[in-house]
Structure formats: C-alpha cells, structure tokens
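So that the names make sense, note that chain A is the first sequence line, chain B the second, and so on, each numbered from 1. Both backbone and side-chain heavy atoms feed into the values below; hydrogens, waters and symmetry mates do not.
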Amino acid sequence: MFDLLGISAPAFFGQLLIGVINGSFYALLSLGLAVIFGMLHIINFVHGAQYMLGAFTALLLLNYLGIGYWWSLLLAPLIVGAFGIVLERVFLRHLYKLDHVYGLLLTFGIALVIEGTFREFFGSSGQPYGIPPELAGVQNLGFMFLPNYRAWVIVASLVVCFGTWFMIERTRLGSYLRAATENPALVQAFGINVPLMVSLTYGFGVALAAFGGVLAAPIYQVSPLMGINIIIVVFAVVVIGGMGSILGAVVTGFVLGVVEGLTKVFYPEASSTVIFVVMVLVLLTRPTGLFGRA
Amino acid sequence: MSTAAIETLPRVEPQASLRHQYVIFAILVALAMVMPFAIYPVFLMKGLCFALFACAYNLLLGYGGLLSFGHALFFGSAAYVSAHAAREWGLTAELSILLGTAYAAVLGLCVGWLAIRRHGIYFAMITLAIAQMFYFFYVQAPFTHGEDGIQGVPRPPVFGIIPTVDDHVFYYIVLAIFLASFLLIYRAIHSPFGQVLKTIRENEPRAISLGYRVEHYKLLAFVLSATLAGVAGATKALVFQIASLTDVFWAMSGEVVLMTLIGGLGTIFGPIVGAFFVVGLQNYLADYGSLVTIIQGVIFVFCVLVFRRGFVGEIAKRIGKPL
C-alpha cells in the first residue's frame, strides 16, 4: 500500500506519530479553553502564553532550583494556575457583565505583556529542555521506532483529558460546575460559593495549559513564541469542534493533529494551513461546529 | 450572544446637530495641509495610512459591533498586490492601489461571507484563523518573496504624469486618498445603511424582527471595511516601497484594534487620534525592542478595564456631543 502511494512506511508512521503528539497538545489546550469558556464566557487569549509559562516554569525550576521534570509536571501547573487565579481576581472579574469581546481584548493585552516580557529577558530563540532519563529510550514496534517520551506524552494527555471529562460530567463537584454554568444565581442561592468556583475553574483551565507546556518542553524548544504559534491553531480547533462539549474538544484536538500529520506526508506544502481549511469547510456545512450547540 | 451590544458606545441621537463635526473636520484638513512643513512627511503618511486602516476597522467594530481579529489580512494582501503591480507590471500608482483594493474587496467578500455565520467571539476567532491561513500561504507563495517581502517597490507617477518620488508631493496624494475614503466612511455612517448597522449592533433580534436582512448589512459592512483597509495597505506599500509579512501578521490585526479602541470605538475622529498615537508610540520606542509590545499590552488592559470610551469618546461624553 505504501509503495503504491510513493511513500515509505516509517515516514508515514513517523508523521502520524507527530500528528498524534500535536493532537495531544491541541486537545489539552482546547479542553482548557472550553472549560474556561463554559464558566466565565471568556475566550482566554492568554492561554497560549500560559502554555509557554508552564514550559518556562519547568525550565527555570530546573536551572535555578535543580527541580527535575517530574516535580515540575506537578509544580508548574500549580504555580501558573495560581497566577491565573490572580489574573482572574484582579482583571477578569470586572468583565463578566460586559460584552464577551472585551474579555478577548483584555486577555489579548495580557498575552502581549507576558510574551513581550519573556522575549525581553530570554530572546526569541528556543532553549532546550532535556528528556527525563526514565523516558529516554526508544521502542521498536517493528514498523516504526517509538520514543518512550512521545508515548508518555500521548498517555499523559489522554489520562488528563479523560480525568477532566470524568470530573466535570460524573462527579458531584462537576455537577455544581455545570449547574453554575447554566444558572449561577440559582446555584449561589443554594449556598455554593460561585465566585470562588469561577476563580478555581479559571485556575484549573490555566493549569491544564501549563501542564501541556511542561509536556511540550522536551519535545519543542522552550521559547517565548511557542504559545502564540499554537493558540491560533487551537482557536481554529475550537471553532471546528464547538465549545459546548468537553469530549468534543478532546476528540477534535486529536483528530486534527492526525489530519495535520497526514497532510505532511501527502502534501507537505499545505500542512500549516490544513486545519484552517478544515475550519472553513466545517463553517460551510455545519456553522455551529461538529459538537456545538446552537 | 446574550449581551448584544458593546455597552460603552456613545448613543448618537439621529437629530443631533453635526455642525461641530464639520468645523473639526475643516480644522483637521487645514492642519494636515501645513503639517509636512513641520514634521517628517513619511511619518505623516504612515500615520494617515494607519488612520485610514483604523477608520475602516471602526466602521466594522464601532458601528457594526463585529470584532474582526484578522483585518491585517486585507491591509497586508492589498499591500502585496499593489507592490507587485507597481514593481513587476510597471503599473501607475493609482492603478496599483486600485488593484490592491480590488483584491482586498474580493477577500473581504469571501471571508465576510464565511465569518458572519457565527457571532461574537467565534466571529473573532474565525477571522483570526482565516487571516493566519493566508499568512502561511504568503510565507510560501513565490510572489511575496517570503521573509524578504517585496522590496524596492517603485513609486510610479499618478496617472502617468504627476511625479510621486518627492515625499512632500506624495504626501498630498496620500492625504487626498485619505480624505476621500474618510468622507466615504462618514457618509456611510450617516446613511440609512449606517443607521441600520447601529441598530444591529444594539439589538440584533430586534433588527431581524423589523424585517431587515441582517446578514446583508453585516456582509456589506465587512466588505466595505475590508476594501478601505485595502486602500490603506495598498497606499502604504507605495509610501514605504515595501510589502512584507509584517503587514499580514496577527500582531498587525491587534494593532488596528488597539488604535480604534484607544481613540474611541464608534466615534468619527477617534481612530485617527488612536492611529497617530500608536504610530507615534512605535516611532518613539523603536529602539527598545519588545518594550513596544509590552506597552501595547498594558494599554489594551488599561483601555478595556477603565478607558473603554477612548480619548475621543471620553471628550464626546464631556461635551455631550457626538464626535
């Protein structure tokens, strides 16, 4: 089959793997965007910057405190998540009564500040972050070589996405969250601290982005621009999937990562634009998105 | 979208006297005529091009309530086409600009037709994503020369007779282009079309129930805005004699939002003030690298939190007259 298409099997599976890896990050980020949008009705433009902050926190923890990858995987989301909660308390909470576009503009401004600051201090070029020694090897699957770290990224992303879905759709806390999304005033009347829940939800969404950033650090270079490059693609993913469904965001993220990877095999010139083309096609046929509610 | 209107836009009374606006306009024109004798004309031309870009953008966001985050697409694409026409095809200045503008209009029609299917923030994300798609296309397309851009664009004479190489002469041509476009926008805002557009901004379901075909009005506003952004971009390519990826980058889309926001959303003169403010800021901070980005971000945050009316909107509120 591969000979017929004029490509080699290792190249095909290699790009497929890269596609799934990219898809893991699209899924994590669009999941965070969907969680935040569901509760705050804000499109979090800083999401890319927070993903970048996660990677940089891991890098700085390693360089200055000698804290390794595994602790960073826990600490960086906590630190960046806490920073997110501060942002929500200081800035975002003033916008809930205003038109949604102001949330987009404000978070865009914050993203400019964060990314500009990091560019000022660290330059635009990327910095390497080593793969943890436990995951250094490679598995020979017969038809391709699978680096252990990449397998770990896919597994970790799937577990976190599934965990988030489970927490929101199947637990008591999640039911409070969904109720507060539908009718915050009523939920507050039942004695649940909705403003606190909003802050924590935002912090959680931000922590997801930071978690993605730490996962990405050993694969991509840690650079101040890594966030903005990915976030616009994730916006397209979110438009395609619609933000109404958690599972929808995750599935769309993975599928589009694979679509992008396969495009790299068959028509490399279009690989950077294919997700946007899919977005246009979805808008033409299903304007509310594949999983969206009108 | 649950909150249909952008809250802080000044409500313009239809019957309000507009005489003070004519006076301000006359003063601005007089000022613009003598400015090149005091200030470097290339800076002024840059300011005028961005002022036109911001005015065109304001028509869409300020009056139509549609937040496009991809307007650099029309600005930068028109710049590419006009630069290419002047350099490779040897067309005259006015034909190069017209060709760039026409391209922006066609793009505006396609993008607008797609994007108005969704509202609010989805509209913003879609326009941003489509603009990014074209950005990647221009990175690879041979005629844009990738990272280098189209350099060494000539300034052909207007109508083949009026020479434009001298900055002082070209300034008045750019000023004429700006004024013509500005008057067109002014006319559009005060026409029945502009009134319906404001109705849609304030209360879309109401406009639909009154029998207006909201989609047509939004699309026309989008195309008009994209076309005029194209005029600005095409002119800018001849002013600086270069068209590059910077003009189609997302950061440029952000800048035009900032100009409109800080000058005053939904005001006639606000975008001009905002554009000159931002261009001046960039000029002043040109040597400080990322500091410009940081300061622009801070201004964004400041404007959204406490200064949503912008400079001109704030003055208009003080004196109680639409500006």
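Within the 4.5 Å cutoff, no side-chain heavy atoms of B:F300 are placed close to those of A:V113. Using a 4.5 Å heavy-atom threshold, the side chains of A:H41 and B:I121 count as separate.
Residue A:F91 touches chain B through both its backbone and its side chain, counting heavy-atom pairs closer than 4.5 Å. Heavy atoms closer than 4.5 Å to chain A are found in both the backbone and the side chain of B:L128. Contacts of B:Y288 with chain A are made by backbone atoms alone, with heavy-atom separations under 4.5 Å and no side-chain atom involved. Looking at B:V298, the atoms closer than 4.5 Å to chain A (heavy atoms on both sides) sit in the backbone and in the side chain alike. Both the backbone and the side chain of A:V277 come within contact range of chain B, each with at least one heavy atom under 4.5 Å from a heavy atom of that chain. Heavy atoms of A:L95 lying under 4.5 Å from chain B belong exclusively to its side chain. Contact of A:L105 with chain B is made through backbone and side chain together, with heavy-atom distances under 4.5 Å. Heavy atoms closer than 4.5 Å to chain B are found nowhere in A:F118, neither backbone nor side chain. With a 4.5 angstrom heavy-atom cutoff, B:I299 does not touch chain A via any of its atoms.
Rounding to the nearest 0.5 angstrom, the gap separating the CG atom in A:L283 from the CG atom in B:L114 is 6.0 Å. Rounding to the nearest 0.5 Å gives a distance of 12.0 Å between CZ of A:F122 and OG of B:S290. Expressed to the nearest 0.5 Å, how far CG of A:L112 lies from CG of B:L258 amounts to 8.5 Å. Put simply, CG on A:D99 and CZ on B:R201 are 11.0 Å apart, with the number rounded to the nearest 0.5 Å. Summarising the geometry, atom CD1 belonging to B:I294 is positioned 8.5 Å from atom CZ belonging to A:R119; distances are rounded to the nearest 0.5 Å. Annotation: the span from A:L284 atom CG to B:R117 atom CZ amounts to 5.0 Å, rounded to 0.5 Å.
Summarising the local packing, CZ of A:R89 is surrounded by more than 12 heavy atoms from other residues, nucleotides or ligands at distances under 6.0 Å. Residue A:R178 places its CZ atom among more than 12 non-hydrogen atoms of other residues, nucleotides or ligands, all under 6.0 Å distant.
When the candidates B:W250, B:F134, B:F137, B:W113 are compared by the number of heavy-atom contacts under 4.5 Å with chain A, B:W250 comes out ahead. Each of A:V238, A:I232, A:V239 has some count of heavy-atom pairs under 4.5 Å with chain B, and the biggest count is that of A:I232. When each of B:I295, B:L291, B:V139, B:T293 is scored by its heavy-atom pairs under 4.5 Å with chain A, the top score falls to B:T293.
A distance-only check finds a donor-acceptor pair linking the side chain of B:Q140 to the backbone of A:E269 [under 3.5 Å].
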Chi angles and distances behind the side chain to side chain contact (heavy atoms under 4.5 Å, CB included) call for A:L98, B:R308: CA-CA 11 Å; A:L98 296 177; B:R308 282 189 288 273; 3.1 Å; yes
Derivation and outcome, side chain to side chain contact (heavy atoms under 4.5 Å, CB included), residues A:I43 and B:Y122: CA-CA 9 Å; A:I43 271 295; B:Y122 278 102; over 6 Å; no
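Summarising the geometry of A:L104 relative to B:A124, their closest heavy-atom pair is CD2-CB, 3.5 Å, with the distance given to 0.1 Å. Taking every heavy atom of both residues into account, A:F235 and B:M125 meet most closely at CD2-SD, 3.5 Å.
Using cut-offs of 30° and 60° on the angle between ring planes, the pair B:F136 and A:F276 is parallel.
Under the ring pair (Phe, Tyr, Trp, His ring centres under 6.0 Å) criterion, B:Y135 pairs with B:F249, sequence neighbours left out.
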